[in-house]
Amino acid sequence: MDKVVISLGGSILIPGENDGEFLAKLANLLKELSKTYQLYVVCGGGKIARYYINTARAMGRSEFDLDTLGIMTTRINAKMLQLALQELAEDKIPETVEEAAAMGAEGRIVIMGGTVPGHTTDGVSAALAEAVGAQRIINATSVDGVYTADPKKDPRAEKIKNMTFAELNEMLKGDHDAGKSGVFDAMGAEIVMRRRLPLLIVSGRDLEEMRRAISGSLEINGTIISD
Ligand code: UTP
């Protein structure tokens with residue numbers, strides 16, 4: 001069975017638009033695909049992370065404290081997805097990559113959030129993919145792929161269908177911020193480049209696109225980063 005890790009942005013899980021309905025549909029899709037793929041989902045914190053982080057920042061708390069709050073929000077999001085999946089995922093949300101990797105099994109879905117301060121859930125998903133020997137990572141995000149420039153600012157921006165790891169490296173170290181924020185964070189990118197782990201950037205709210213990406217289809221609307 002192929003192993004697939006999904007980095008599910010908080011902006012996808014809890015944008016505040018029919019979230020319960022979306023979660024039920026996402027859970028159905030994951031249930032169906034778990035018969036064919038061993039799935040691991042790492043949930044982001046989204047707007048509740050930003051709320052707690054900004055509030056604690058206004059109180060003058062340290063970055064460590066802000067990250068601790070961020071991690072707690074990723075875990076509450078993970079718990080909500082676990083509730084949607086019920087018996088397919090363990091009640092207990094794993095708190096380390098090692099714990100999550102050990103929970104993986106055919107027909108089961110592992111759901112987690114963040115791990116330690118200073119990381120992000122993209123980084124956690126790459127570390128988990130490395131630990132379990134996953135075939136690919138799906139970054140389910142609010143942009144629908146990587147663009148040559150910020151499509152909100154530049155009407156000439158074009159979506160990139162395929163990218164090599166070398167091109168990802170160039171993009172991340174370049175000073176033009178083409179699509180940078182949407183791609184993957186630096187720690188995660190470092191791992192996927194080192195391990196040559198295929199990374200698919202897709203719109204997470206589009207469940208047909210999610211199905212294609214999890215199944216490893218080359219016909220996605222988003223961007224495939226591989227050799
Ligand atoms: P993320 O940045 O991963 O969630 O974690 P997000 O904002 O939902 O992700 P995207 O933008 O939609 O992809 C939220 C915050 O939690 C802390 C960080 O402060 C991060 O900004 N965090 C998360 C950690 O400190 N360590 C982790 O392992 C994960």
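These numbers come from a predicted model, not from an experiment. Heavy-atom basis, side chains included; hydrogens, waters and symmetry copies ignored. As the structure lists them, so they are numbered: ligands from 1, and atoms in each ligand from 1.
If you check each of Ile14, Val116, Asp67 against atom 26 (N) of ligand 1, the one with the closest non-hydrogen atom is Val116. The residue from Ala49, Gly46, Cys43 that puts a heavy atom closest to atom 14 (C) of ligand 1 is Ala49. Of the options Thr141, Val97, Thr121, Asn77, the smallest heavy-atom separation from atom 1 (P) of ligand 1 is shown by Thr121.
The protein heavy atom nearest to atom 5 (O) of ligand 1 is Thr74 CG2, 3.8 Å. The nearest protein atom to atom 15 (C) of ligand 1, hydrogens excluded, is given as Gly70 CA, 3.9 Å; this is a heavy-atom distance. Atom 4 (O) of ligand 1 has as its closest protein heavy atom Gly45 N, 3.0 Å. For atom 2 (O) of ligand 1, the closest non-hydrogen atom on the protein side is Thr120 CB, 4.3 Å. If you check which protein heavy atom lies closest to atom 29 (C) of ligand 1, you get Gly114 CA, 3.5 Å. Ranking the protein heavy atoms by distance from atom 20 (C) of ligand 1 puts His119 O, 4.4 Å first.
Around OH of Tyr52, the count of heavy atoms belonging to other residues, nucleotides or ligands within 6.0 Å does not exceed 12. Atom CG of Leu23 is surrounded by more than 12 heavy atoms from other residues, nucleotides or ligands within 6.0 Å. Annotation: Lys152, atom NZ; neighbour count of heavy atoms from other residues, nucleotides and ligands within 6.0 Å does not exceed 12. Atom CE of Met187 sits in a crowded spot, with more than 12 heavy atoms from other residues, nucleotides or ligands closer than 6.0 Å. Taking a 6.0 Å sphere around CD of Glu158, one finds it holds 12 or fewer heavy atoms contributed by other residues, nucleotides or ligands.
Note: an N/O pair closer than 3.5 Å links Gly10 and ligand 1 by distance alone. Residue Gly9 has no N or O atom closer than 3.5 Å to an N or O atom of ligand 1.
For the residue pair Leu66 and Ala56, the shortest heavy atom distance occurs at CD2-CB, 3.4 Å.
Which parts of ligand 1 touch Thr115 is read off a 4.0 Å heavy-atom cut-off, strictly below it: atoms 27 (C), 28 (O). Heavy-atom contacts of Pro117 reach the following atoms of ligand 1: 25 (O) (cutoff under 4.0 Å). Heavy-atom contacts of Gly118 reach the following atoms of ligand 1: 25 (O) (cutoff under 4.0 Å).
The existence of a salt bridge linking Arg57 and Asp67 is excluded, since no basic side-chain nitrogen approaches an acidic carboxylate oxygen closer than 4.0 Å. A salt bridge is absent between Arg194 and Glu190: the closest approach of a Lys/Arg side-chain nitrogen to an acidic carboxylate oxygen does not fall below 4.0 angstrom.
Side-chain contact, Asp65 with Thr68: no donor N or O sits under 3.5 Å from an acceptor N or O.
There is a protein heavy atom less than 4.0 angstrom from atom 22 (N) of ligand 1.
Thr223 places a side-chain N or O within 3.5 Å of a backbone atom of Val146 that can act as its donor or acceptor partner.
Using 4.0 Å as the threshold, Ile53 has a heavy atom nearer than that to some atom of ligand 1.
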